[in-house]
Amino acid sequence: MARMRLLVNVFLFPLQTMNVKNQTLVSEIVLLGFQNLHNFKIPLFSLFLLIYIMTVWENVLIIVLVSSSRNLQSSMYFFLQQLSVSDLLGSSDIVPTLLQTVINEEAKLSLVSCIIQYSLFCVPESFECLLLAVMSYDRYVAICIPLRYSSIMSHRVCVTFTLMSWALGFGISMITVNLVGTLQFCDQNTINHFFCDFLPILELSCSDTFFVQLEVTTLSIPVVISPFILITVSYMCIAHAILKIVSNTGRQKAFSTCSSHLAVVSIFYGTLIAIYVVPPTKQSQTISKVLSLLLTIMIPLINPMIYSLKNKDMNDALKRNVNLYFPRLSH
């Protein structure tokens, strides 16, 4: 009798395995986005579309101004240009799906497209973490070692830092996406979010996600945690140097050179921590979506405003370009 059961199990095992494989073949992911909008569909759609158009216009303007203006060839503006590229890529990856979820109350993507969207989201976000650390080091050198600034932060060094940040961000993101690609997805195919993010994808999977979470947490050390530590140490040194300045005017001038960057870092890392570090609960799903809107939609819009509104060089460069290409508007 025991032999008969063993033989039956041996023959049934391949069929059971095939059945499990069939369950994992989820070909379509449904993003629920924001539900029950009713009369707010068109206003929200228009608002998000307007924000995206403004984001594209602002960031493209910064990219063009830095590329075309001689007065904006310092390392700070080079990094600001790279930040605009990153914000533009990240926003362009998310907004089309967001608009679709708003107007249709859902968006349908293939599983492959969902993972591709997540990878295209990971790369610019990872790069931005690294770039903000590089920018904080740039501010540290400018304030604490001003006499050696031009030799330390040469154009070649800036390009090297930027390429290394893009390469590391891309490499870590691809490893993360590869780990997500090893997960199995069973019958459930709905994600209560407006884009394919890491935590919602893990919740959708029927695999054991513990080791994936552990590996991704480990991978976040060089991309998120280490840059944050570098930023913190840089600003501690900057604060110490500013406090040593005798005159109030000198202190204000020194602080004004890094206040914009400090504001961007605070908003960016504050949002990241609120989304990915604070334990998610079912009651906080709406809050999580709002915070994700801030990260993916609002920050790319706000960053150019923070850096450009009070920046005399940027405003002067904009006026010169307007006078050059649109002389009638200047009169």
SG-SG under 2.5 Å, Cys196 vs Cys114
yes
Applying ring pair (Phe, Tyr, Trp, His ring centres under 6.0 Å), name anything that partners [X], two or more places apart in sequence or on another chain.
| X | answer |
| --- | --- |
| Phe121 | Phe195 |
| Phe45 | none |
| Tyr52 | none |
| Phe48 | none |

Pairwise side-chain contact, [X] with [Y], heavy-atom cut-off 4.5 Å (strictly under):
| X | Y | answer |
| --- | --- | --- |
| Arg139 | Ile238 | yes |
| Met298 | Thr271 | no |
| Thr55 | Asp87 | no |
| Met135 | Val265 | no |
| Ile231 | Tyr269 | yes |
| Gln188 | Leu204 | yes |
| Ile201 | Ile29 | no |
| Tyr118 | Cys122 | yes |

Apply disulfide (SG to SG under 2.5 Å) to Cys258 and list each qualifying residue two or more places apart in sequence or on a separate chain.
none
Disulfide (SG to SG under 2.5 Å) partners of Cys129, counting only residues at least two apart:
none
Residues that [X] engages under side chain to side chain contact (heavy atoms under 4.5 Å, CB included), provided they are two or more places apart:
| X | result |
| --- | --- |
| Thr232 | Phe228, Met236 |
| Asp316 | Lys312, Arg320 |
| Arg70 | none |

When rounded to the nearest 0.5 angstrom, what distance separates [atom1] in [X] from [atom2] in [Y]?
| X | Y | atom1 | atom2 | value |
| --- | --- | --- | --- | --- |
| Leu295 | Ile299 | CG | CD1 | 5.0 Å |
| Thr209 | Glu215 | OG1 | CD | 11.5 Å |
| Asp197 | Ile94 | CG | CD1 | 8.0 Å |
| Glu106 | Gln35 | CD | CD | 8.0 Å |
| Gln285 | Leu32 | CD | CG | 9.5 Å |
| Ile175 | Thr218 | CD1 | OG1 | 11.5 Å |

With no hydrogens and no angle check, is any side-chain donor or acceptor of [X] less than 3.5 Å from a backbone partner on [Y]?
| X | Y | value |
| --- | --- | --- |
| Ser226 | Ile221 | yes |
| Ser308 | Met305 | no |
| Ser113 | Leu109 | no |
| Ser91 | Leu88 | no |
| Glu105 | Val102 | no |
| Asn59 | Val85 | no |
| Glu128 | Ser86 | no |
| Gln73 | Val66 | yes |
| Asp208 | Phe210 | yes |
| Ser205 | Gln184 | yes |

Qualifying ring-ring contact (aromatic ring centres under 6.0 Å, His included) pairs, either residue in residues 246-268, two or more places apart
Tyr235-His261
Does the side-chain contact (heavy atoms from CB on, under 4.5 Å) test come out yes or no for Val264 and Ser260, once each step is laid out?
CA-CA 6 Å; Val264 169; Ser260 298; 5.7 Å; no
Decide whether [X] and [Y] are clustered together by the hydrophobic rule: side chain heavy atoms of Ile, Leu, Val, Met, Phe, Trp, Tyr closer than 4.5 Å, transitively.
| X | Y | result |
| --- | --- | --- |
| Met164 | Ile225 | no |
| Ile42 | Ile53 | yes |
| Leu72 | Ile306 | yes |
| Leu65 | Val60 | yes |

Under a 3.5 Å threshold, yes or no: a donor from one side chain and an acceptor from the other, between Thr97 and Gln117?
yes
Before you tell me yes or no, could you show the steps for Leu130 and Val134 under side-chain contact (heavy atoms from CB on, under 4.5 Å), namely the whole-Å CA-CA distance, both residues' side-chain angles and the distance that decides it to 0.1 Å?
CA-CA 6 Å; Leu130 296 165; Val134 173; 5.6 Å; no
Mark yes when over 12 heavy atoms from residues, nucleotides or ligands other than [X] sit less than 6.0 Å from its [atom1]; otherwise mark no.
| X | atom1 | answer |
| --- | --- | --- |
| Phe170 | CZ | no |
| Lys41 | NZ | yes |
| Tyr140 | OH | no |

Which other residues end up in the same hydrophobic cluster as Val112, if Ile, Leu, Val, Met, Phe, Trp and Tyr are linked when side-chain heavy atoms come under 4.5 Å apart?
Ile116, Leu120
For residues 75-82, dump all side-chain donor-acceptor pairs below 3.5 Å to protein atoms at least two apart in sequence or in another chain.
residue: Ser75; atom: OG; partner: Asp138; partner atom: OD1; Å: 2.7
residue: Ser75; atom: OG; partner: Tyr149; partner atom: OH; Å: 2.4
residue: Tyr77; atom: OH; partner: Asn311; partner atom: OD1; Å: 3.0
residue: Tyr77; atom: OH; partner: Asn311; partner atom: ND2; Å: 3.2
residue: Tyr77; atom: OH; partner: Asp313; partner atom: OD2; Å: 3.1
residue: Gln81; atom: NE2; partner: Ile63; partner atom: O; Å: 3.0
residue: Gln81; atom: NE2; partner: Ser67; partner atom: OG; Å: 2.6
residue: Gln82; atom: OE1; partner: Trp166; partner atom: NE1; Å: 3.2

May I ask you to establish whether Lys289 and Phe194 are in a cation-pi arrangement, using a distance under 6.0 Å from NZ or CZ to the six-membered ring centre and at most 45° from the ring axis?
no
Take Ile297 and Val95 through the side-chain contact (heavy atoms from CB on, under 4.5 Å) test and state the conclusion after the steps.
CA-CA 7 Å; Ile297 308 299; Val95 171; 3.4 Å; yes
Ile273, Thr286, Ile275 screened by side-chain contact (heavy atoms from CB on, under 4.5 Å) with Leu291, the one that passes:
Ile275
Start with the C-alpha gap between Cys186 and Cys206, add the side-chain angles, then the distance that decides, and say whether disulfide bond (SG atoms under 2.5 Å apart) holds.
CA-CA 6 Å; Cys186 302; Cys206 57; 1.9 Å; yes
Which label fits Phe161 and Tyr137: parallel for a plane angle under 30°, tilted from 30 to 60°, or perpendicular past 60°?
perpendicular
